[in-house]
Amino acid sequence: MHPTVSIVIPVCNRERYIGRAIESVLFQTYTDFDLLVWDDGSTDKTAKEALEYAKKDRRVRIAFYNHRGAVKALKSALADTFGTYLCWVDSDDMLAPTALEETVAVLEENPTVGMVYTDYQVIDASDRITGYSNRRRAPYSRGRMLQDFKTLQFRLIRPSVFERSGGIDESFYCDEDYSLCLRLAEFTEVRHIPKPLYFYRIYEDSVSQNMGADQVHCNQDEVSRNPERCGLPDRFERDLQIRGRFPLRREKSNG
């Protein structure tokens, strides 16, 4: 019998955080789920750490593959799910204990809603909360999706609308979720829970810190595609602006 929710955690070399991510799933108040940890060729102790959780809890599955990159790993992992609803958690982030309970309730009570998303809080490398998701302050608006990527994690999605959207687009090497959410918003109803049910980690080596310019270019590509899909190619003009940031750090002492 298939679970109600399938959760995916794609991971590569996150031995410091993978345990926290898995535990945040296992501590959910909603328990009818399975968790697939998709190891994308880790060379540190990530796989070993995840395997220990699979030994203790039969809801946890582990898949081991050679490294192919985050986007391909996520796409492959989602293709190996069987739940009534699907979602994913980044390997260095965490869910709040009621994330599944509250999002499942929305989809159960509203058959026309294809995706529900929540607010999030920002945490640092030591799990300390450093801020609230500012981009979620305004109510969800399909018309603002091009300007503001409002539907970040956490999201719960019906597999039927995920498939209809085309799923994860492998032509993006990062920020593939922005492309997915724009395509979803073009044809399905989206619901927002204005509560922080996800913890988004920002630290020195996180993807958001190291791939900022790449993310901007990927988002630009997707913003260009949306008006064409909607039959409005002449209604919008694209303008790319990249704001630079140049942190100055002290050199590490050799002594």
Side-chain angles (χ1 to χ4, degrees), residues 4-10 33 36 70-90 93 95 99-100 102-120 133 135-195 197-198 200 207 215-216 218-233 235-236 238:
T4 299
V5 181
S6 284
I7 307 166
V8 163
I9 301 180
F33 64 82
L36 173 58
V71 177
K72 290 183 178 180
L74 175 60
K75 184 181 180 70
S76 297
L78 290 171
D80 193 18
T81 59
F82 310 98
T84 305
Y85 311 120
L86 61 84
C87 59
W88 58 96
V89 177
D90 289 344
D93 295 342
L95 289 178
L100 292 187
E102 297 192 49
T103 52
V104 166
V106 171
L107 295 188
E108 295 277 284
E109 295 169 6
N110 301 276
T112 60
V113 174
M115 178 176 75
V116 56
Y117 71 99
T118 78
D119 287 1
Y120 65 87
S133 53
R135 69 182 69 193
R136 311 295 184 82
R137 297 294 186 187
Y140 170 77
S141 167
R142 177 184 172 186
R144 291 290 300 177
M145 281 285 287
L146 276 177
Q147 292 90 349
D148 301 316
F149 182 23
K150 294 178 175 298
T151 59
L152 279 168
Q153 297 271 31
F154 176 65
R155 321 177 193 93
L156 191 67
I157 306 172
R158 296 184 192 277
S160 57
V161 301
F162 178 81
E163 294 297 329
R164 181 180 170 186
S165 73
I168 300 298
D169 186 345
E170 289 187 64
S171 68
F172 288 85
Y173 54 92
C174 66
D175 268 18
E176 70 287 347
D177 49 353
Y178 181 39
S179 166
L180 171 66
C181 290
L182 272 176
R183 283 180 276 123
L184 286 171
E186 290 166 10
F187 68 87
T188 192
E189 185 178 346
V190 176
R191 192 67 58 86
H192 175 213
I193 299 176
K195 294 176 62 176
L197 300 178
Y198 190 84
Y200 181 76
V207 172
Q215 290 176 321
V216 170
C218 283
N219 290 343
Q220 179 195 27
D221 289 343
E222 180 52 32
V223 166
S224 299
R225 298 179 189 184
N226 177 269
E228 293 179 2
R229 287 196 302 266
C230 296
L232 302 170
R235 297 269 306 268
F236 297 90
R238 187 179 61 188

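Along the sequence shown, the residues carry numbers beginning at 1. From a predicted model like this one, the values you see are computed outputs, not experimental measurements.
Taking both residues in full, the closest heavy atoms of Leu36 and Ala77 are given as CD2-O, 3.6 Å, listed atom of the first, atom of the second, then distance. Scanning all heavy atoms of the two residues, the minimum distance from Pro10 to Leu74 falls at CG-CD1, 3.8 Å. Counting all heavy atoms, side chain and backbone alike, Leu86 lies closest to Leu78 at CD1-CD2, 4.1 Å. Here the closest heavy-atom approach between residue Ile193 and residue Glu102 is recorded as CD1-O, 3.5 Å. Closest approach of Gly166 and Lys75 over heavy atoms only: O-NZ, 4.5 Å.
To the nearest 0.5 Å, atom CG of residue Asp169 and atom CG of residue Asp177 are 12.0 Å apart. Atom-to-atom distance recorded for Ile168:CD1 and Trp88:CH2 is 4.5 Å, nearest 0.5 angstrom.
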Show me the donor-acceptor pairs, under 3.5 Å and distance only, between side chains in residues 157-165 and residues at least two apart or in other chains.
from, atom 1, to, atom 2, distance (Å)
Arg158, NE, Val113, O, 2.6
Arg158, NH2, Leu107, O, 2.6
Arg158, NH2, Asn110, O, 3.0
Arg158, NH2, Val113, O, 3.4
Ser165, OG, Phe162, O, 2.7
Ser165, OG, Gly167, N, 3.2

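Residues satisfying the side chain to side chain donor-acceptor pair (under 3.5 Å) criterion with Ser76, sequence neighbours excluded, are Arg68. In this structure, the side chain to side chain donor-acceptor pair (under 3.5 Å) partners of Asp93, at least two apart in sequence or on a different chain, are Tyr198. Judged as a side chain to side chain donor-acceptor pair (under 3.5 Å), and not counting sequence neighbours, the contacts of Ser6 are Asp34. The side chain to side chain donor-acceptor pair (under 3.5 Å) check on Arg191 picks up Glu189, with sequence neighbours excluded.
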- Kindly determine whether Thr103 and Val5 satisfy side chain to side chain contact (heavy atoms under 4.5 Å, CB included), including the steps that lead there. CA-CA 10 Å; Thr103 52; Val5 181; over 6 Å; no
- Task: Quick one: do Val190 and Leu184 satisfy side chain to side chain contact (heavy atoms under 4.5 Å, CB included)? Show the steps, please.
- Result: CA-CA 8 Å; Val190 176; Leu184 286 171; 5.6 Å; no
- Message: Walk me through whether Tyr85 and Leu156 qualify under side chain to side chain contact (heavy atoms under 4.5 Å, CB included).
- Response: CA-CA 7 Å; Tyr85 311 120; Leu156 191 67; 3.8 Å; yes
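Between His192 and Asp119 there is a side-chain heavy-atom pair separated by less than 4.5 Å.
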